[in-house]
Every structure is written in structure tokens, then in C-alpha cells.
Amino acid sequence: MPATDTVPATPHSLSDFSHSDGVRVADVELDGATLFRVRGISAFPAAERAKRIRQQIVAVARNPEIDPEVRRAVLQGDRLRLEIDGELLGYLLPVDAEIEEVPLEVLAEAILPRVSEAIFKYRETRSSRSLLRSTGILLGITAVAGLLLWGMSALFRWLNRLIERAVKLRIERIEKASHKVIDAAQLWSWFGGLLRGLRTLTLAAIVLTWLNSALGLYPWTRPFATDIFRLLLNPLQKMGVGLIESLPDLVFLVVLYFVVRFLLSATHNFFQRVDRGWIRLDNFDRDWAMPTYRIARILVIAFALVVAYPYIPGSDSEAFKGVSIFLGVVFSIGSSSFIANMIAGYSLTYRGAFREGDRVRIGEHVGDVVDVRALSTRMRSLKNEEINIPNSEVLASAVVNYSTFGREQGIILHTDVGIGYDTPWRQVEAMLLQAAARTEGLEPEPPPFVLQTSMGDFTVVYQLNAFCRDAAAMMKLYSALHANIQDVFNEYGVQIMSPNYEQDPAELKIVPKEQWFAAPAKPPSPASGKPLQSP
């Protein structure tokens with residue numbers, strides 16, 4: 001292009017742009033269309049430079065007295081001054097030409113016609129005739145979009161009824177044939193969900209197409225028209241590219257999943273056979289089999305996660321690492337009691353303090369063990385109440401198991417009575433043994449026995465001991481034993497002086513035999529076989 005007289009330099013020296021290698025590039029745009037690209041430096045960024053050039057172009061376009069066909073490029077030192085009808089647009093630098101890899105003059109010859117055409121188009125799209133035409137088109141495409149939405153909704157309702165008639169009956173037949181193994185309602189929900197998803201995608205496509213067309217009709221909203229699909233498609237594109245790049249890692253994770261699944265299955269089968277007694281291990285109780293399997297499963301899964309972590313897509317990103325650290329801190333802070341109870345639960349298994357169904361005392365609680373879970377132990381109290389005790393508390397408490405030896409040798413039930421020194425000890429022992437013999441449920445072998453546990457100021461304390469093999473019935477047996485002790489001592493006229501004694505009463509504190517069944521008590525029938533009879 002012919003050079004003209006030198007134009008005075010602008011206040012901003014642009015010669016620095018010749019040293020802008022590696023600086024970011026910005027697009028000079030008008031109504032969403034890119035005209036050319038420029039570079040910048042740290043003192044005058046590319047985005048700011050492109051913004052100023054665009055402002056100059058817009059100012060020229062808004063002035064109808066300026067002819068866009070009159071354009072030229074003036075060489076000023078190492079740069080070109082771009083003009084439209086004598087109005088400055090901006091400067092082209094050698095570094096701008098390096099972007100397109102062409103000489104600076106060739107770049108100017110390509111840019112000026114595009115700028116002129118953009119100015120013509122800018123004026124045309126903002127004319128009254130163009131805006132009226134765009135408004136008419138907008139009304140038309142809006143009507144078409146509305147009809148399409150109504151038609152597609154009606155079409156999918158018709159398809160839903162058609163598929164319901166054609167498929168639902170067959171699904172119900174399949175459910176009956178499979179003996180309820182296949183759930184017809186679930187299958188139909190899948191079909192219905194697929195149809196609803198397809199309907200949503202279709203309606204969303206119609207709305208997005210209308211929105212893109214409507215925004216593209218007006219110059220002020222035209223840049224947003226291209227951004228709509230870009231916002232939707234760019235993430236999908238990135239996900240697709242990321243999926244393709246991650247295929248080797250995903251294949252490794254799939255293989256690792258099946259390997260871990262095989263190991264867990266083999267481990268489960270092994271410990272299940274140990275639990276059933278099919279495989280015997282020295283010094284390994286059968287009750288330990290399934291808890292040991294659960295521990296082994298946790299270890300295998302943890303090892304698999306450690307191996308899989310580097311192959312998880314995005315695991316090397318800072319966001320993934322931050323979330324991992326955050327979850328680790330939350331888990332470590334909030335799970336201290338959880339971990340303590342879980343470890344205590346497994347410790348109880350190997351401790352062998354009790355089994356399910358045993359009658360035990362844990363702290364102040366007495367009852368039957370219902371089950372031992374990972375975090376807590378459930379008991380049924382003697383009053384048929386459910387007691388849930390954390391395993392950490394169980395591990396820290398002394399556990400009394402009434403059932404362990406009760407099944408083999410029998411548990412000893414014992415009760416104390418205080419009798420005065422004026423009653424022969426041999427008579428007292430005989431009466432206590434007679435009361436034990438009358439109590440059904442106590443074992444005759446080994447035979448009951450009596451111990452003189454202490455000699456107080458006024459009484460001798462006798463302790464009756466008798467064997468029982470049913471720990472669950474111990475409370476009923478205690479009640480029956482106490483009743484028989486009272487009956488025997490009343491029968492022989494011996495006063496029970498425990499627990500407290502102050503002085504000899506005027507008359508012995510015994511119940512005469514004729515008052516044993518005072519109302520509302522009922523005497524036993526002769527056929528009951530009771531040793532004590534009604535007077």
C-alpha cells in the first residue's frame with residue numbers, strides 16, 4: 001500500500017511490542033466476529049489493546065459520514081497505521097504479523113477489507129428495516145418453536161400410552177413366569193424413565209435451537225448465540241477427550257476391580273467353609289471365621305484403593321488432592337469413637353468372652369446376648385428390654401458369663417440365710433438341702449452343699465449352693481428356691497433371723513402350717529405332686 005506523510009506518534013509508545021514474544025494474544029471482535037488478532041506486553045496487555053482497537057472501529061461505524069471504502073495503511077517506522085477515511089483504527093506491529101507468519105504489509109491488506117465489511121454490516125444490522133425484519137423472523141420462529149413443543153409433548157404422550165399397552169402387559173407376564181424374581185414395576189419405571197429422558201432431550205434441543213436463533217437475530221445479542229452451544233458442547237468435548245485419554249487407566253481399573261472381586265470371593269468361600277466346620281485350622285475357633293473375613297476384606301479393599309489411586313482420572317489435580325485431604329481430616333476428627341468401637345467389636349470376637357444367646361452381666365446390666373455387631377452389643381434384659389452397649393464400654397468392663405460353664409458343669413446358684421446360735425447347724429444344713437431337693441430345675445448331681453460363710457454377733461450365715469445347667473432360668477430358680485427355704489423353715493419351726501437382728505422376740509417369727517395358703521393363695525391340687533400339702 002502507498003505510504004503517506006508521517007503521522008505524529010500517539011502518547012503510548014508501541015515500539016515496545018516488538019519485544020513481546022510469548023505474551024498472550026487477544027482477538028479484535030465486532031458483533032461476535034473475529035477480525036484479527038494482536039499481541040500485548042505486561043504494560044499494555046493484549047486484551048486492553050484489542051479493546052481500544054474495537055472502540056475505534058465502533059466509533060467509525062457509528063459515524064455515517066465516514067466512508068468505509070476509503071481505507072489505507074501508513075508505514076511509520078516498524079509499524080503500520082490503519083485508517084478508515086482518515087480516522088485512526090490502530091497500529092499493526094511486526095509481532096502481530098508473526099502470529100499469521102506473513103509480512104506486515106500483507107497482513108494489513110487482509111485486515112482492512114474485513115474491517116470495512118464489518119463496518120458495513122454493523123450499520124446494516126442496526127438499521128430500522130433490518131430490526132423490523134429480525135423482529136418478524138423472531139415472531140415466526142417463536143410460533144414454530146411453540147408448535148414443535150406442543151407437538152412433541154403430544155407425540156410422547158401418545159408413545160407413552162402405546163408402549164404401556166404393548167410392553168407393560170408383556171412385562172407383567174414375564175414377572176409371573178419368573179415367580180416374582182423380575183419386578184414388573186421396576187422394569188416399567190426403567191422404560192418410563194428412558195422415554196421421559198428422550199422427551200426432555202428433545203424439548204431441550206428445541207428450546208436451545210430457538211434461543212440460539214433468536215439471539216442471533218439482533219447484533220447486541222449475537223455474541224451470546226455462539227456462546228450457548230459453546231457452553232454446552234465444550235464440556236462434552238473436554239469430557240470426551242479426557243475419556244479417550246484415560247482409556248488405558250480405565251482399563252487398568254476395570255481389571256483391578258475383577259481381580260479384587262475374585263480375591264474377595266475366594267476369601268469369603270474359604271472362611272465360610274471354616275465357619276461351617278468343613279475346614280479345620282489349629283488354634284483357630286470357628287466363631288472367628290467371619291469376623292476374620294471382614295477384616296481381610298477391609299485390608300484387601302484398602303490395598304486395592306492404594307493401587308488404584310494413581311490411575312483414577314483427575315487424581316493428580318489439585319482439586320482432587322484438596323478434597324481427599326479434606327475428607328481425610330473430617331473422617332479422622334469425626335470417627336475416633338467409631339473406630340474405637342469397631343476395633344473393640346473385633347477384639348471381643350477374639351477375646352471369646354461370650355456368644356450370642358449367652359446369659360451375661362456387663363457392668364450393671366444382666367441379660368441375654370442378642371447379637372454382637374461391629375460397633376455395639378445388643379442384649380435382652382431380664383425384663384425383656386433391649387440394651388445397646390458400645391463395644392468400647394464392653395471391652396473396658398468385666399464380663400460375667402453365666403452360660404459358659406453352665407452348659408457343661410453347671411452354674412452354681414447360691415443364697416444366704418442367717419440362723420441363730422440356738423439352732424443346731426446340722427439341722428440347718430439338712431433343712432437347706434431339703435429345700436434344694438424340692439426345687440425343680442436344680443441338678444441332683446453334683447449334689448447341693450452348704451457353707452457356713454461367717455459367724456456374726458447373733459447369727460451364723462449359711463450359704464446354700466446348688467447346680468443349674470439352664471442359666472436363662474436362674475432367676476425363676478432363685479425365686480422357687482427362696483420359697484422352698486421359707487416353707488421348710490416354717491415347717492420345722494425355725495426362725496430366719498437375717499438380714500438384721502436386734503433381740504429375741506416374745507414369739508418365734510414363723511408362719512404356722514395352717515396359714516401357709518391363706519387367702520387369696522390357693523393350695524396345690526393333690527395331683528400336682530407337690531411335697532407340701534394343704535392342711
Side-chain angles (χ1 to χ4, degrees), residues 1-127 130-131 216 218-227:
M1 293 184 180
T4 60
D5 296 336
T6 303
V7 179
T10 60
H12 298 280
S13 177
L14 300 179
S15 60
D16 293 335
F17 286 103
S18 59
H19 305 289
S20 59
D21 293 340
V23 180
R24 295 182 61 181
V25 177
D27 294 336
V28 178
E29 297 181 348
L30 186 63
D31 287 348
T34 300
L35 303 180
F36 56 96
R37 294 182 296 173
V38 295
R39 282 193 179 184
I41 60 174
S42 58
F44 193 20
E48 181 65 23
R49 185 182 170 207
K51 179 181 178 181
R52 292 191 181 183
I53 295 175
R54 180 187 178 278
Q55 290 175 350
Q56 289 294 110
I57 297 175
V58 171
V60 170
R62 287 178 176 176
N63 189 351
E65 297 180 358
I66 297 177
D67 185 3
E69 292 293 340
V70 181
R71 55 183 183 267
R72 65 174 181 169
V74 181
L75 182 62
Q76 294 184 349
D78 61 345
R79 62 182 184 267
L80 284 176
R81 173 188 170 98
L82 302 180
E83 295 181 358
I84 294 290
D85 200 6
E87 296 293 330
L88 173 65
L89 298 181
Y91 291 88
L92 285 182
L93 307 177
V95 291
D96 299 327
E98 292 177 4
I99 300 175
E100 307 295 341
E101 298 181 352
V102 295
L104 191 59
E105 292 78 6
V106 175
L107 180 61
E109 291 178 358
I111 288 175
L112 285 174
R114 295 192 63 182
V115 173
S116 298
E117 182 180 355
I119 292 174
F120 278 119
K121 190 173 182 180
Y122 183 93
R123 295 174 178 177
E124 170 65 23
T125 55
R126 285 161 175 79
S127 64
S130 178
L131 293 177
Y218 298 95
W220 303 280
T221 59
R222 191 168 295 132
F224 300 104
T226 56
D227 290 340

Interatomic spacing from CG in Leu92 to CG in Asp78 - rounded to 0.5 Å: 11.5 Å
Inter-residue atom distance Ile111.CD1 - Asp96.CG, 0.5 Å rounding: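 Those atoms lie 7.5 Å apart.
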Under the side chain to side chain donor-acceptor pair (under 3.5 Å) test, residues paired with Glu69 that sit two or more places apart: Arg71
Side chain to side chain donor-acceptor pair (under 3.5 Å) against Arg123, all qualifying residues, sequence neighbours excluded: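 Applying side chain to side chain donor-acceptor pair (under 3.5 Å) to Arg123 gives none.
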Exam field: side chain Ser130 to backbone Arg126, donor-acceptor pair closer than 3.5 Å: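 No, the answer is negative, given that no donor and acceptor are paired below the 3.5 Å cut-off.
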Side chain Arg72, main chain Glu83, donor-acceptor under 3.5 Å: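 Between the backbone of Glu83 and the side chain of Arg72 there is no qualifying donor-acceptor contact (under 3.5 Å).
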For Val106, side-chain contact (heavy atoms from CB on, under 4.5 Å) partners two or more places apart: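 For Val106 the side-chain contact (heavy atoms from CB on, under 4.5 Å) partners, ignoring immediate neighbours, are Val102, Pro103.
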Excluding sequence neighbours, so at least two apart, what forms salt bridge (Lys or Arg N to Asp or Glu O under 4.0 Å) with [X]?
X: Glu48; result: Arg52
X: Arg114; result: none
X: Glu124; result: Arg129
X: Glu100; result: Arg37

Minimum heavy-atom distance between [X] and [Y], given as atom pair plus value:
X: Tyr91; Y: Arg49; answer: O-NH2, 2.7 Å
X: Gln56; Y: Leu89; answer: CB-O, 3.5 Å
X: Asp85; Y: Asp67; answer: OD2-N, 3.1 Å
X: Pro68; Y: Ser116; answer: O-OG, 2.8 Å
X: Val38; Y: Ile99; answer: C-CD1, 4.2 Å
X: Leu75; Y: Arg79; answer: CD1-O, 3.4 Å

Could you check if a side-chain atom of [X] sits within less than 4.5 angstrom of a side-chain atom of [Y], using non-hydrogen atoms only?
X: Leu93; Y: Arg39; value: no
X: Val58; Y: Arg62; value: yes
X: Val60; Y: Ile57; value: no
X: Ile119; Y: Ile66; value: no

Residue Gln55 excluded, over 12 heavy atoms near CD under 6.0 Å: yes
Stepwise side chain to side chain contact (heavy atoms under 4.5 Å, CB included) check, Leu35 with Ile53: CA-CA 11 Å; Leu35 303 180; Ile53 295 175; over 6 Å; no
